[in-house]
Participant: 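First, the structure itself, so that you have it in front of you.
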Amino acid sequence: MALDHSRSTEVFGHARTVIPGGVNSPVRAFSNVGIDPVFYDRAQGAQVWDIDGNAYLDFICSWGPMIFGHGDPEILDAVRCQLDRGVSFGAPCEAEVRLADLICSVAPGVEEVRMVSSGTEATMTAIRLARGCTGRDKIIKFQGNYHGHSDSLLVSAGSGVATLGIPDTPGVTAATASDTMVATYNNLDSVRSLFEAAPDQVACVIVEPVSGNMGVVAPQEGFLRGLRDLCDQFGALLIMDEVITGFRVALGGAQQLFGVSADLCTYGKIIGGGFPVGCVAGRERFMSNLAPAGSVYQAGTLSGNPVAMEAGLAQIRKLAREADRLYPQLQRKSDVLFGGLRDAASQAGVQVQVNALGSVGTVFFTPDPVVDWQTAARSDRDAFAVYFRAMLDQGLLIAPSQFEAVFLSDAHTDQHLQAFLAAARTAFAQVANR
Ligand code: PMP
């Protein structure tokens, strides 16, 4: 290994004695790429530094939230200002109303917003709400889509679960799992069959409108519209999980980009400006069933936390203000990076599929098009591990899994993209020569 990671290795050794597996979220363990994880010390702009003093270009971006890069001055100012006025109230504050207003004004079809503290809580609440509104028990999700780790959604859940080779998890009861029906992404017939197998029993379909958790897989023409139509036909709610896509693929997320509105949607990551925030949002006629307006219970001590709300407000305000510049620029960077990766792999004689949509993309080490979990799972994970380690050695941080996305931010410059491509050429050569 080119870089010295001795301090990270030492801290990880100790971490394993006090934290299960040494990490607080499984994919951070780097176990599937055959090395110990790197412990971060600090981050600024497009860079992070580890505790050994190594510098990296960061293409994880905290798994999505840092769309302006690290240490954006507007967000930091908003946070600092709130710190002096109180860090937690457990009571209503104006910032949460302003953030809800802002989300309603830019996200199509969103009339009300309930703040929570993570994407997991957001999707869990959306599912409960859909069940409460319809009086039905079953839900349909897609193989390879991840919606957080609540029990009914931890079935065929892609990324972290797939990476570790755990198909489902102990601790989820058979009864809970049996209410979750699993369809094939980009395959409307599979959804229709499930609806027909359980007439009048399906509360909702939940989907990542652009899959990020089996690696990036875009919806094929007509897929999202078809889901909308099937939900309407069978009296179920459509939930779009925009935890990754929200405010990223467009200001109004995937619903704006593809012109299909959900009944409920979930956001996370970007809306917290780097703080722990999620929300469930949607039409008033469904949202008004949440307590205390309605009878579907949901609550949170830290929900609408003032510091997190100020950070989110600052980030979303800046996104709204700079949307005309930012989103086309991210698309141009995406074309340069992901187009360049296609060329680099082909020059090295490595067969890959590069899927990209806006500022997210994945290099799959497989010769065949990736359109769903089956085709994603054919990827050569050993080749990915070689590629990942070679990138890390050259100071390039990407997610340590074949089934995750590369995230682009406003802080990435052309020079950073060229550095990524130069490192990738070396990494692909190592894959070819292994
Ligand atoms: N939904 C999607 C689409 C996600 O990508 C994630 C997290 N990667 C979640 C939900 C869960 O969010 P969190 O990790 O904040 O609980």
Side-chain angles (χ1 to χ4, degrees), residues 108-109 123-124 126-147 150-158 162 167-168 174-245 253-255 257-266 282-283 285-286 355 357 368-378:
T123 54
M124 181 183 74
I127 296 286
R128 186 181 307 136
L129 185 52
R131 285 175 164 148
C133 291
T134 58
R136 298 172 174 188
D137 290 346
K138 294 199 181 298
I139 65 169
I140 295 177
K141 78 174 286 290
F142 291 91
Q143 191 177 28
N145 275 189
Y146 177 69
H147 305 289
S150 68
D151 285 3
S152 44
L153 291 167
L154 211 49
V155 177
S156 294
D168 290 306
T176 301
S178 72
D179 277 334
T180 302
M181 306 169 88
V182 180
T184 304
Y185 198 76
N186 273 329
N187 183 332
L188 289 172
D189 287 343
S190 75
V191 183
R192 177 180 291 281
S193 308
L194 292 177
F195 268 121
E196 286 170 352
D200 302 328
Q201 293 177 56
V202 178
C204 62
V205 173
I206 183 166
V207 65
E208 284 186 67
V210 177
S211 285
N213 288 289
M214 51 180 150
V216 173
V217 177
Q220 288 173 343
E221 181 78 34
F223 178 60
L224 297 174
R225 168 60 52 201
L227 290 182
R228 177 70 274 172
D229 293 345
L230 282 169
C231 284
D232 292 343
Q233 184 186 339
F234 288 95
L237 271 58
L238 178 61
I239 303 174
M240 287 204 200
D241 180 357
E242 296 233 43
V243 165
I244 289 181
T245 53
Q255 296 177 82
L257 188 66
F258 297 105
V260 179
S261 286
D263 299 303
L264 296 174
C265 58
T266 52
R283 302 272 177 213
R285 68 176 185 280
F286 302 119
N355 284 6
L357 195 145
D368 305 315
V370 175
V371 297
D372 57 17
W373 172 245
Q374 294 294 333
T375 45
R378 284 187 206 134

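Counting from 1, the numbers follow the sequence of the chain as shown. What you see is a predicted model; the values in this text were computed from it and never measured.
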Participant: Hey, what do you get for SG (C133) to CZ (R285), rounding to the nearest 0.5 Å?
Facilitator: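 If I round to the nearest 0.5 Å, the distance is 9.5 Å.
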Participant: Quick one: does F223's side chain get under 4.5 Å of L188's, heavy atoms only?
Facilitator: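 Yes, close enough: below the 4.5 Å cut-off.
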Participant: May I ask you to test the I139-R131 pair for a side-chain heavy-atom distance under 4.5 Å?
Facilitator: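 Sidechains of R131 and I139: in contact.
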Participant: To the closest 0.5 Å, what do you measure between CD (E196) and CG (L230)?
Facilitator: 9.0 Å
Participant: Give the ring-plane orientation class for F234 versus F195, where under 30° counts as parallel, over 60° as perpendicular and anything between as tilted.
Facilitator: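 Judged by the thresholds at 30° and 60°, the geometry between F234 and F195 is parallel.
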Participant: Hey, does L153 have a side-chain heavy atom less than 4.5 Å from the side chain of T180?
Facilitator: no
Participant: For T123 and I239: C-alpha separation, side-chain torsions, deciding distance, then whether side-chain contact (heavy atoms from CB on, under 4.5 Å) applies.
Facilitator: CA-CA 9 Å; T123 54; I239 303 174; over 6 Å; no
Participant: The criterion is side-chain hydrogen bond (donor to acceptor under 3.5 Å, both in side chains); which residues satisfy it with S178, sequence neighbours excluded?
Facilitator: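 Partners of S178 under the side-chain hydrogen bond (donor to acceptor under 3.5 Å, both in side chains) test: none.
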Participant: I'd like to check T134 versus L237 (side-chain heavy atoms, cut-off strictly below 4.5 Å). Are they in contact?
Facilitator: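 T134 reaches L237 side chain to side chain.
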Participant: How close do G109 and R283 get, counting heavy atoms only, and between which atoms?
Facilitator: CA-NH1, 3.5 Å
Participant: Which atom names give the shortest non-hydrogen contact between V210 and P219, and what distance separates them?
Facilitator: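 Heavy atoms only, the tightest pair is CG2-CD, 4.0 Å.
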Participant: Could you state the interatomic distance from CD1 (I140) to SG (C231), rounded to the nearest 0.5 Å?
Facilitator: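 Answer rounded to 0.5 Å: 7.5 Å.
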Participant: Does E221 have more than 12 heavy atoms from other residues, nucleotides or ligands lying within 6.0 Å of its CD?
Facilitator: no
Participant: Test side-chain contact (heavy atoms from CB on, under 4.5 Å) on V207 and N145; report intermediate values, then the result.
Facilitator: CA-CA 7 Å; V207 65; N145 275 189; 3.8 Å; yes
Participant: Is there a donor-acceptor contact under 3.5 Å linking the side chains of E242 and T245?
Facilitator: yes
Participant: Let me confirm one number: the CG-CG distance from D229 to L224, rounded to the nearest 0.5 Å.
Facilitator: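 So the gap between those two atoms works out to 11.0 Å.
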Participant: Restricting to non-hydrogen atoms, name the atom on L154 and the atom on Y146 that form the minimum distance, rounded to 0.1 Å.
Facilitator: CD1-CE1, 4.1 Å
Participant: Does the side chain of F142 come within less than 4.5 Å of V191's, by heavy atoms?
Facilitator: yes
Participant: I need the full list of salt bridge (Lys or Arg N to Asp or Glu O under 4.0 Å) pairs touching residues 176-190, with sequence neighbours left out, sorted by first then second residue.
Facilitator: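 Checked against salt bridge (Lys or Arg N to Asp or Glu O under 4.0 Å) - neighbours excluded - the pairs reaching residues 176-190 are K138-D179.
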Participant: Quick one: does R228's side chain get under 4.5 Å of V205's, heavy atoms only?
Facilitator: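 No, their side chains stay 4.5 Å or more apart.
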Participant: Working note: I127 + S152, criterion side-chain contact (heavy atoms from CB on, under 4.5 Å); need CA distance, chi angles, decisive distance, verdict.
Facilitator: CA-CA 9 Å; I127 296 286; S152 44; 4.3 Å; yes
Participant: How far does CG of N186 sit from OG of S211, to the nearest 0.5 angstrom?
Facilitator: 7.5 Å
Participant: Minimum heavy-atom separation for W373 to M214, with atom names?
Facilitator: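 For W373 versus M214, the nearest heavy atoms are N-SD, 3.4 Å.
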Participant: Would you name the heavy atoms of A130 and C204 that are closest together and state the gap between them?
Facilitator: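 Heavy-atom minimum between the residues: CB-CB, 3.7 Å.
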Participant: Determine whether a donor-acceptor pair (N or O, by modelled atom type, separation under 3.5 Å) exists between the side chain of Q143 and the backbone of Q374.
Facilitator: no
Participant: Could you walk me through whether V182 and V155 pass the side-chain contact (heavy atoms from CB on, under 4.5 Å) test, one step at a time?
Facilitator: CA-CA 8 Å; V182 180; V155 177; 3.8 Å; yes
Participant: Within the 4.5 Å heavy-atom criterion, are P369 and T375 side-chain neighbours or not?
Facilitator: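 No; the side chains remain at least 4.5 Å from each other.
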Participant: Any pair with a residue in residues 198-208 that passes salt bridge (Lys or Arg N to Asp or Glu O under 4.0 Å), sequence neighbours left out, goes on the list, sorted by first then second residue, please.
Facilitator: R136-D200
Participant: How long is the span from the CG atom in D241 to the NE2 atom in H147, to the nearest 0.5 Å?
Facilitator: 5.5 Å
Participant: Any donor-acceptor pair under 3.5 Å linking the side chain of T184 with the backbone of S190?
Facilitator: no
Participant: Within the 4.5 Å heavy-atom criterion, are V217 and D372 side-chain neighbours or not?
Facilitator: no
